[in-house]
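Reckoned from all heavy atoms, side chains included, excluding hydrogens, waters and symmetry mates. By convention in this document, chain letters (A, B, ...) are assigned in the order of the sequence lines, proteins followed by strands, and residues within each chain are numbered from 1.
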Amino acid sequence: MPELPEVETVVLSLRDQGICGRRISSVAVHWMRSVQEPSVEEFTRILKGRTIQNISRRGKFVVMGLSGGWTALVHLRMSGRLFLGRPADITKHDQVLLKLDDGRTLRFHDTRKFGRWRLTQDPETVLSKLGPEPLEPVRDFHKRLHAKSRILKPLLLDQTFIAGLGNIYVDEALWEAKIHPQRKSDSLTTSESDALLKAVRKVLKKGIRNLGTSLGHGKANFQLPDGESGRNREALNVFRQTGLPCPRCGTNIERIKVGQRSTHICPSCQRKH
DNA sequence: AAGTGTCCCTGCGAGC
DNA sequence: TGCTCGCAGGGACACT
């Protein structure tokens, strides 16, 4: 499940492989709903002939700046991947294909078909709704936690509160900060809020260093654009570690439900009260 | 305002 | 072996 570190890894990798400056020579959309806006016809017509000028990340969005003032926003959701490869590599679940002028093809591969592309001249309409970037200076984190009375985990997953976190890194951060996911956001002390933000940064940076987390058994859900998979899975402390000893205290990790999401905690380190 | 339920999808593991 | 079934999960949206 691509979260901030996985999206960052994809962006850096595509940039590293020289995607910037390449011209899109043709476009093919195999699953219509992979394109959220505009219509598939317009999407294809507008993209064709444009140059990819830059690529970056905002929250979990891949942001591609194109010639002529257009921007492509790609959200990978559950299973989306972006590969740069030869046309011969094309496989079953490639939903959107951009053929480039150097002979390579940018492939949007998405087995579960939840991923979405948007092509817009005003990306801020979408991006301005996102909360702050956790790896940049975050102002008034404690104050913002106390401005609401929300259950902590769903709040951290809310992209308008803070951008880029998903199920994996929220569980890891809450464990790191020794805070129970069902605590109310306005119950945290200032030192707990500080510890939480530090923990969020720590787990995200570690995820990026490890080139992302690949899950699944054998088949990686997340892969780098060149087909390699991240190695952060081995670095996880609680996520999908149910029944295994907590690396800090040895108590068995438990799996609970918080807001319909499976959640992993150490019942000794993370107390509700 | 905060929380719950439903939908979108496919692959996988469990149970028979 | 081969089938069905339920689950996972980010985000949008309707509803309470």
Salt bridge (charged side-chain N to carboxylate O under 4.0 Å, His left out) partners of A:D194, counting only residues at least two apart:
none

Could you state the atom-to-atom distance from CG of A:D110 to P of B:dG11 in whole Å?
11 Å

Polar atom pairs (N or O), protein with nucleotides 14-16 of chain C, under 3.5 Å:
none

Indicate for each nucleotide in nucleotides 6-12 of chain C, in 5' to 3' sequence, whether protein heavy atoms under 4.0 Å reach the base (B), only the sugar-phosphate (S), or nothing (-).
--BBBB-

Per-pair distances, 0.1 Å, donor-acceptor, side chain in residues 41-48 of chain A, under 3.5 Å, sequence neighbours excluded:
residue, atom, partner, partner atom, Å
A:E42, OE1, A:S39, OG, 3.4
A:T44, OG1, A:V40, O, 2.8

At how many degrees, to 10°, do the end axes of the helix from B:dA2-C:dT16 to B:dC16-C:dG2 meet when each uses five pairs?
50°

Partners meeting ring-ring contact (aromatic ring centres under 6.0 Å, His included) with A:H30 (sequence neighbours left out)
none

Salt bridge (charged side-chain N to carboxylate O under 4.0 Å, His left out) filter on A:K184, not counting sequence neighbours, yields none

Starting at CG of A:L155 and ending at P of B:dG3, how long is that distance when rounded to a whole Å?
9 Å

Residues 247-258 of chain A side chain polar contacts: donor-acceptor under 3.5 Å, at least two apart:
residue, atom, partner, partner atom, Å
A:R248, NH1, A:W175, O, 3.1
A:R248, NH2, A:W175, O, 2.7
A:T251, OG1, A:S268, OG, 2.8

Please list, chain by chain and in numerical order, all residues satisfying salt bridge (charged side-chain N to carboxylate O under 4.0 Å, His left out) with A:R22, sequence neighbours excluded.
A:D101, A:D102

B:dG11, OP1 or OP2 - any side-chain N/O from A:H93 closer than 4.0 Å?
yes

My understanding is that only residues two or more places apart in sequence, or in another chain, count here; which of them pass salt bridge (charged side-chain N to carboxylate O under 4.0 Å, His left out) with A:K60?
none

How about A:H93 and A:H109: do any of their side-chain heavy atoms sit closer than 4.5 Å?
yes

Would you mind listing every salt bridge (charged side-chain N to carboxylate O under 4.0 Å, His left out) that reaches into residues 116-131 of chain A, with sequence neighbours excluded?
A:E37-A:R118

Closest-nucleotide ordering on DNA chain B, the 5'-leading residue of A:T111 and A:S149:
A:S149

Between A:Q95 (CD) and B:dC9 (C1'), how many Å, whole number?
10 Å

Pairs meeting criterion salt bridge (charged side-chain N to carboxylate O under 4.0 Å, His left out) with involvement of residues 161-174 of chain A, two or more places apart
A:K153-A:D171

Whole-Å gap separating P (C:dC13) and CZ (A:R116):
12 Å

When you check the phosphate oxygens OP1 and OP2 of B:dG3, does a side-chain N or O of A:R150 lie under 4.0 Å from one of them?
yes

Show the numbers, then the answer: is there a side chain to side chain contact (heavy atoms under 4.5 Å, CB included) between A:R240 and A:S262?
CA-CA 9 Å; A:R240 297 210 179 153; A:S262 73; over 6 Å; no

Whole-Å distance separating the NZ atom of A:K153 from the C1' atom of B:dA2
18 Å

